[in-house]
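Single-structure report; data block below.
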Amino acid sequence: MKNLPTIKKLPRKFYKRPVLKVAKDLLGKIIVKHEGRKIFAGRIVEVEAYDGRIDEASHSFKGKTKRNEVMFREGGYFYVYFTYGVHHCCNVVTGEEGHGAAVLIRAIEPIEGIQTMAMRRFGKRKIDEKQFINLTNGPGKICQAFSFDRTHSGLDLTGSKVYIIDMPSLKKSQIGISKRIGISKSTELPWRFFIKNSKYLSR
DNA sequence: ATCAAGATTACCT
DNA sequence: GGTAATCTTGATA
């Protein structure tokens, strides 16, 4: 057997790099969640970088607290928080221990587990293909579809419950860059990255 | 103890 | 385009 693509989890080394590099490199990769024998998976199409050392919009900007403790670990942990009394958002911790940097996953192209995602998002299993783009095109929607909540915060992404599968790197020309969405501080930083032609973006 | 803000979304006009 | 929903967190007293 040769020339078959190898399915490989991203290793610790991938995550322990600077947050802006990890953010761009996460585009096109596949995030996977196992729930018993059910599997959920999707292609990451939009992310934002947060770096607590220089970025006032980051939860970690003012130092370690009970809520953001996971952000200060070494790269490769899953940071999930609850906001607006309604939604969860999920992040990938990057860099070395103590950095307080993470990548917010903002939009995904659903691949596996779509019927269950539809159930969680819209209360029914059968949805029109047209609605696929509304399943996971926002950070809160992703967490609803995948059932990510604070109990998943601190999971090791090199483990077997939630992880990310390596995929070929994208060309630079396929990646779009913009300011981040929904923040009120450090708004000028161009730290949102997305796959240019994707139909599954949050906006 | 109290309070304001929040890395959002859905639904309204 | 505007805003209600809903509750945790972190800051201040």
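Throughout, a chain's letter reflects where its sequence line sits, starting with A, and its residues are numbered from 1.
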Is Glu48(A) paired with Arg106(A) through a side-chain N to carboxylate O contact shorter than 4.0 Å?
-> yes
Lys64(A)/Glu69(A) ion pair, N-O < 4.0 Å: no
_Lys179(A) atom NZ, over 12 foreign heavy atoms within 6.0 Å_ = no
Practice prompt. Give a yes or no on whether Glu188(A) atom CD has more than 12 heavy-atom contacts from other residues, nucleotides or ligands under 6.0 Å away.
Written response: yes
Quick check for you: among [options], whose closest atom lies nearest to any side-chain atom of [X]?
X         : options                  : value
Arg150(A) : dA7(B), dG10(C), dT9(C)  : dT9(C)
Val86(A)  : dT9(B), dA5(C), dA7(B)   : dA5(C)
Lys62(A)  : dT9(C), dA10(B), dA11(C) : dA11(C)
Cys89(A)  : dG10(C), dT9(B), dT8(B)  : dT8(B)
Ser184(A) : dG6(B), dT8(C), dT8(B)   : dG6(B)
Thr65(A)  : dA7(B), dG10(C), dT9(B)  : dG10(C)

Quick one: is [N] close enough that its OP1 or OP2 comes under 4.0 Å of any side-chain N or O from [X]?
X         : N       : result
Lys141(A) : dA10(B) : yes
Arg121(A) : dT9(B)  : no
Arg106(A) : dT8(B)  : yes

> For the residue pair Phe40(A) and Phe146(A), does the interplanar ring angle fall in the parallel (under 30°), tilted (30 to 60°) or perpendicular (over 60°) class?
Replying inline: tilted
- Item | Gln144(A) and Arg121(A): side chain donor to acceptor below 3.5 Å | yes
What nucleic acid atoms does [X] come within less than 4.0 Å of, heavy atoms only: base, sugar-phosphate, or nothing?
X         : result
Ile183(A) : sugar-phosphate
Gly140(A) : sugar-phosphate
Tyr50(A)  : base
Arg180(A) : nothing

Would you kindly give the [atom1]-to-[atom2] distance between [X] and [N], to the nearest whole Å?
X         : N       : atom1 : atom2 : result
Phe122(A) : dC11(B) : CZ    : P     : 10 Å
Phe82(A)  : dT8(C)  : CZ    : C1'   : 7 Å
Glu69(A)  : dG10(C) : CD    : C1'   : 16 Å
Arg67(A)  : dC7(C)  : CZ    : P     : 16 Å
Ile181(A) : dG6(B)  : CD1   : P     : 16 Å
His87(A)  : dA7(B)  : NE2   : P     : 13 Å
Gln144(A) : dA10(B) : CD    : C1'   : 11 Å
Arg120(A) : dT9(B)  : CZ    : C1'   : 19 Å

Centroid distance below 5.5 Å plus an interplanar angle below 30 degrees: do Tyr81(A) and dA7(B) meet both conditions?
no
If pairing means Watson-Crick or G-U wobble with both distances under 3.5 Å, then the partner of dT6(C) is none
For dA7(B), the nucleotide meeting Watson-Crick or G-U wobble distances (both under 3.5 Å) is none
| If you measure from the P atom in dG1(C) to the same atom in dA7(B), how many Å do you get, rounded? | 22 Å
Taking the C1' atom of each, how far is dA5(B) from dT3(C), in whole Å? 16 Å
